[in-house]
Asker: 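First the structure, then my questions, so here it is.
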Amino acid sequence: MKMRVETSMLIIAFITAIILGFIIIPILKKLKVGQIERDDGPQSHLKKQGTPTMGGIIMIVTMILMVTGSYIFLSLQGENETANRLIPMLILTIGFGLIGFIDDFKKLVLKNTKGLKPSYKMLGLLMISVIYVVYLVQGLHIGTDTYIPILKIYINIPIYLYIPYAILVILATTNAINLTDGIDGLSSSVSAIIITGLTVIGIMAGMKEISIFGSIVIGATLGFLMFNLHPAKVFMGDTGSLLLGGVVSAIALYIKMPLLLLIIALIPVLETLSVMIQVAYFKKTGKRFFKMAPLHHHFELQGWKESKVVIVFSLITLCLCVIGLKII
């Protein structure tokens with residue numbers, strides 16, 4: 001019966017996202033909210049210029065509708081505690097999505113090429129992260145213990161170290177997912193697999209709030225992916241990538257397994273490292289270490305088609321998730 005509820009949530013979220021896609025994408029086209037491609041990027045991307053972006057709105061609206069519906073359903077079933085625990089995760093992820101939305105809106109609708117000031121953007125993400133972490137520790141009293149994969153032990157981190165550590169996990173994860181967005185269907189595919197892995201862990205641990213929330217996000221992401229696969233009819237923009245980064249970090253911290261992300265989210269980690277290496281190497285030598293960063297563009301310039309990059313990166317992520325489930 002339990003799994004039937006999660007499956008239903010996933011399917012309904014998937015259908016809702018598809019319906020919203022057919023409604024929202026024409027609106028984005030009408031508003032001329034088009035993608036702006038880099039002149040120094042892969043030449044194949046120049047034809048994407050003008051493709052509607054800010055498609056993360058599809059996932060945001062789906063999540064709000066589905067979590068609200070789930071909250072009402074669970075409350076009527078007398079499962080108030082589970083219902084209440086869905087809201088903070090929604091607030092964190094929607095909050096991140098809204099910051100991405102403001103950035104996208106300023107760039108694409110108001111035609112302010114700089115978008116949201118980086119300092120304002122970071123401040124917004126930081127404030128939401130602090131609220132979520134303090135809620136986990138002080139509101140839910142889940143403790144500051146963190147699971148160490150492979151060793152299969154928990155270590156207790158002093159609260160004065162845990163709070164900045166957890167905030168760093170959220171910001172780093174969000175940035176990593178954001179950097180993974182750049183090829184049709186890549187970030188949505190990789191994120192859906194990672195969130196599925198984390199949701200399975202939540203199910204194994206008997207955390208109903210995680211299994212429901214995760215199922216909703218998976219359904220919403222897969223529904224969006226139907227429009228985001230190559231050739232993409234819409235891009236998620238920062239609206240979607242920051243949203244998905246928030247989901248991944250929120251669930252990982254909730255189940256006390258943020259370190260597992262170093263394994264199951266290795267692709268986003270490598271995407272981030274590739275940018276850091278590229279910048280450091282260029283500053284030191286004046287030359288590029290990779291043909292282009294983030295990493296997915298390097299493989300594109302090596303001659304890989306977008307679809308090949310997405311398939312390979314997704315399969316790697318799937319394998320890493322299976323390994324992650326084996327070592328916890």
Side-chain angles (χ1 to χ4, degrees), residues 38 40-42 45 96 100 103 118 121-122 125-126 129 146-151 164-195 197-198 235-238 240-253 257-306 308-324 327:
R38 293 166 54 176
D40 61 342
H45 282 217
F96 274 23
D103 189 33
K121 192 174 183 178
M122 184 54 67
L125 296 174
L126 182 62
S129 301
T146 300
Y147 190 75
I148 309 296
I150 302 176
L151 297 180
Y165 157 72
I167 291 169
L168 180 62
V169 167
I170 296 173
L171 297 178
T173 303
T174 305
N175 183 62
I177 298 293
N178 184 244
L179 289 172
T180 307
D181 184 32
I183 288 181
D184 296 0
L186 179 60
S187 187
S188 42
S189 297
V190 169
S191 298
I193 296 168
I194 294 169
I195 295 166
L198 293 171
F235 300 126
M236 66 172 66
D238 280 4
S241 59
L242 294 184
L243 170 83
L244 291 175
V247 171
V248 172
S249 55
I251 296 178
L253 285 169
M257 293 189 182
L259 292 178
L260 188 65
L261 294 179
L262 294 173
I263 298 170
I264 68 174
L266 183 62
I267 290 297
V269 170
L270 292 177
E271 296 273 22
T272 305
L273 288 175
S274 70
V275 173
M276 295 169 66
I277 292 169
Q278 185 86 321
V279 172
Y281 190 78
F282 187 81
K283 284 183 177 180
K284 189 172 183 179
T285 67
K287 299 178 181 178
R288 295 182 177 186
F289 187 86
F290 299 101
K291 287 182 178 292
M292 186 178 175
L295 190 61
H296 54 262
H297 289 318
H298 171 78
F299 286 104
E300 275 194 286
L301 294 177
Q302 289 278 59
W304 287 28
K305 292 183 178 180
E306 286 188 61
K308 180 177 179 180
V309 176
V310 174
I311 291 169
V312 172
F313 280 27
S314 296
L315 287 174
I316 290 172
T317 302
L318 179 60
C319 291
L320 290 170
C321 283
V322 173
I323 292 170
I327 63 175

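All residue numbers refer to positions in the sequence shown, counting from 1.
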Asker: With the side chain counted from C-beta on, respond yes when T146 and Y165 share a heavy-atom pair under 4.5 Å apart, and no when they do not.
Answerer: yes
Asker: Indicate the atoms forming the closest heavy-atom contact of A166 with L253, along with that distance.
Answerer: O-CD1, 3.7 Å
Asker: To the nearest 0.5 Å, tell me how far H296 NE2 sits from L186 CG.
Answerer: 6.5 Å
Asker: If you compare all heavy atoms of L244 against all heavy atoms of S188, which two are closest, and at what distance to 0.1 Å?
Answerer: CD1-CA, 4.4 Å
Asker: Look up atom CG in D184 and atom NZ in K305, then write down how far apart they are to the nearest 0.5 Å.
Answerer: 14.0 Å
Asker: Could you report the tightest heavy-atom contact between L320 and I264, atom names first, then the distance?
Answerer: O-CG2, 3.6 Å
Asker: Do I194 and P268 have side chains that approach each other closer than 4.5 Å (heavy atoms only, starting at C-beta)?
Answerer: yes
Asker: With a 4.5 Å heavy-atom cut-off, do V312 and W304 have their side chains touching?
Answerer: yes
Asker: How many angstroms lie between atom CG of L315 and atom OG of S189, to the nearest 0.5 angstrom?
Answerer: 10.0 Å
Asker: Are more than 12 heavy atoms, taken from residues, nucleotides or ligands other than Y147, located less than 6.0 Å from that residue's OH atom?
Answerer: yes
Asker: Using 0.5 Å steps for rounding, measure from the OG1 atom of T173 to the CG atom of N178.
Answerer: 12.0 Å
Asker: Quick check: closest heavy atoms across G245 and I177, and the distance to 0.1 Å?
Answerer: CA-CG1, 3.8 Å
Asker: Going from CG on L266 to CG on L261, what distance comes out if it is rounded to the nearest 0.5 angstrom?
Answerer: 11.0 Å
Asker: Using atom types as modelled and distance alone, determine if a side-chain donor or acceptor of H298 lies under 3.5 Å from a backbone N or O of K291.
Answerer: yes
Asker: Compare every heavy atom of L198 with every heavy atom of V248, then report the nearest pair and how far apart it is.
Answerer: O-CD1, 3.6 Å
Asker: Determine yes or no for a side-chain-to-main-chain donor-acceptor pair under 3.5 angstrom, with S249 supplying the side chain and G246 the backbone.
Answerer: yes
Asker: Compare every heavy atom of D181 with every heavy atom of S241, then report the nearest pair and how far apart it is.
Answerer: CB-CB, 4.2 Å
Asker: Is there a side-chain contact between T272 and N175, using heavy atoms and a 4.5 Å cut-off?
Answerer: yes
Asker: Do I277 and F290 come within less than 4.5 Å of each other through their side chains, counting heavy atoms only?
Answerer: yes
Asker: What is the distance from atom CG of L270 to atom CG of L179, rounded to the nearest 0.5 Å?
Answerer: 12.0 Å
Asker: Taking the inter-plane angle between the rings of F289 and Y281 on a 0 to 90° scale, is it parallel (under 30°), tilted (30 to 60°) or perpendicular (over 60°)?
Answerer: perpendicular
Asker: Does S274 reach the main-chain N or O of E271 with its side chain, forming a donor-acceptor pair under 3.5 Å?
Answerer: yes
Asker: Within a strict 4.5 Å, meaning less than it, do heavy atoms of the P294 and T180 side chains meet?
Answerer: no
